Amino acid sequence: MSDIAGGIASDVGPVEAEIRRRIAAAGPMPVAEYMQLALTLPQHGYYVTRDPLGTDGDFITAPEISQMFGELIGLWMAATWKQQMGAPGNVRIVELGPGRGTMMLDALRAAQVMPGFREAVTLHFVEVSPALQQQQEQAFLGSKLPASWHASLDDVPREGPAIILANEFFDALPVHQAVRQADGWYERLIDIDADGIFVFTLAREPLRNFDTILPPQVRAAPEGVVFEWRTDTTAMEIGRRIAHTGGAALIIDYGHAQSGFGETLQAVGGHAFADTLTAPGTCDLTAHVDFQALGDAASAMGCKVFGPIVQSELLGRLGIRTRAAALKAGRPSKAAEVDAALARLIGHGRTGMGELFKAIALADPKLGVPPGFD
Ligand code: SAH
């Protein structure tokens, strides 16, 4: 094993080799840095090199389960544009992490029912993966709408109102972990042990003044528990934009409505859980979204926050049952498929996404309550 203890083994992938190289050079690295390298290391990261979605991939998302999901998001977008924003021209529709582009395609088709909507919008996709960007470009060739791709939200032009959408984007952003010890919170790091294996360890010094940034319900956490947090820059940027130039955002993901402690970092490959410290770069790594932290970060920039509400509530209020009935009436042979998708999207408990997934809306303070959040 000595060949990998010191640095780079010949049989590890390029992401793992880079992580080993950095730890050998600079010592143990924060969980967030490990996650960032695993997912988005240029040329080699998990998202950069593949399309992880669908039944043949590693996981499946709501828009890939059924067209109903994207269609309802499209109605949300069109209603927000017309009823809340007053149907302005030159609206940027921004999607963070569009995957295969499925949600936006379904959404635009449904939004056509709103006269004038198509003429008013330009599309902006924020995508880190060249592989997925290529798929998205193919998917939108036929849409005949002006579309552009950006590596981060900061690169999307700021002027003019925007409607910003994100489904299963925030869970892929790097998460930091700290562990409560008798004398404070210590950032959790990843190191290589004597056998050359990745292991969790703790920073030598506790995080300074960490209690002051912790939500009150987490401050009294017992020894040994893990607290996770993300840097809030994306949520702040969304909040800043829509507070200054108008518009609204709809963010859907799995996570908790209130900040709490507990470890949620997980690895998924081939529709099964995998080990977070094995073969980084070959599995998806995600952690639950802390919607309280996300909402607080955005509202600190001046926008209004609605929710979070559970996904079943949002989709129910936007009319998913009516839409399912119409689809079944139109194609009776597909009825069982529609019912299965409905159960998956709004079902509660372990098999459904309806309860674990939450939706939060962020809006220009001048606007009213976004559709589905009243
Ligand atoms: N929204 C899609 C895909 C979810 S998977 C769906 O619901 O099906 C996550 C998406 O975010 C992928 O498109 C991935 O490439 C992208 N992504 C992940 N991390 C990113 C980052 N840091 N910056 C930009 N895009 C990112």
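This is a predicted model, so every value here is computed, not measured. Note that ligands are numbered from 1 as they come in the structure, with each ligand's atoms numbered from 1 the same way.
- For Leu39, the heavy-atom gap to ligand 1 stays at 4.0 angstrom or more.
- One finds a salt bridge joining Glu33 and Arg22 here, because a Lys/Arg side-chain nitrogen approaches an Asp/Glu carboxylate oxygen to under 4.0 Å.
- In terms of protein heavy-atom proximity, atom 22 (N) of ligand 1 is nearest to Leu173 CD2, 3.8 Å.
- For atom 7 (O) of ligand 1, the closest non-hydrogen atom of the protein is Asn167 ND2, 2.8 Å.
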Pair Glu159-Arg92, salt bridge (Lys or Arg N to Asp or Glu O under 4.0 Å): steps then yes or no: CA-CA 9 Å; Glu159 56 285 349; Arg92 292 179 206 287; 3.4 Å; yes

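- If you check which protein heavy atom lies closest to atom 20 (C) of ligand 1, you get Val128 CG1, 3.6 Å.
- Contact annotation: for Thr61 versus ligand 1, heavy atoms closer than 4.0 Å belong to the side chain alone.
- Every atom of ligand 1 is numbered from 1 in the order shown, and the set under 4.0 Å from a heavy atom of Gly99 is 2 (C), 3 (C), 13 (O).
- Set against the non-hydrogen atoms of Pro63, the atoms of ligand 1 under 4.0 Å away are 6 (C), 7 (O), 8 (O).
- The residue from Ser152, Gly97, Pro52 that puts a heavy atom closest to atom 2 (C) of ligand 1 is Gly97.
- Scanning the protein heavy atoms around atom 18 (C) of ligand 1, the nearest turns out to be Tyr47 CD1, 3.8 Å.
- Considering all non-hydrogen atoms of both residues, Leu173 and Met35 come closest at O-CE, 3.4 Å.
- Between Trp185 and Phe227, the ring planes lie perpendicular to each other; the angle is over 60°, past the 30° to 60° tilted range.
- Closest heavy-atom approach to atom 13 (O) of ligand 1 among the candidates Glu127, Arg50, Gln135, His150: Glu127.
- For ligand 1 and Ser129, the ligand atoms under 4.0 Å from any heavy atom of the residue are 15 (O).
- Those atoms of ligand 1 that come under 4.0 Å of a heavy atom in Pro98, given as number and element, are 2 (C), 13 (O).
- The existence of a salt bridge linking Glu263 and Arg188 is confirmed by a sub-4.0 Å separation between a basic side-chain nitrogen and an acidic carboxylate oxygen.
- Heavy-atom proximity to atom 5 (S) of ligand 1, evaluated over Glu95, Gln133, Glu168, is greatest for Glu168.
- Using a cut-off of 4.0 Å between Lys/Arg side-chain N and Asp/Glu carboxylate O, Arg100 and Asp51 are scored as salt-bridged.
- A salt bridge links Glu237 and Arg158; the closest N-O separation between the charged side-chain nitrogens and carboxylate oxygens is under 4.0 Å.
- Classification of the Phe140-Phe125 ring pair by plane angle, with boundaries at 30° and 60°, yields tilted.
- Only one option out of Leu327, Leu318, Ile346, Asp106 pairs with Met68 in a side chain to side chain contact (heavy atoms under 4.5 Å, CB included); it is Leu327.
- For Leu132, every heavy-atom contact with ligand 1 shorter than 4.0 Å involves the side chain, none the backbone.
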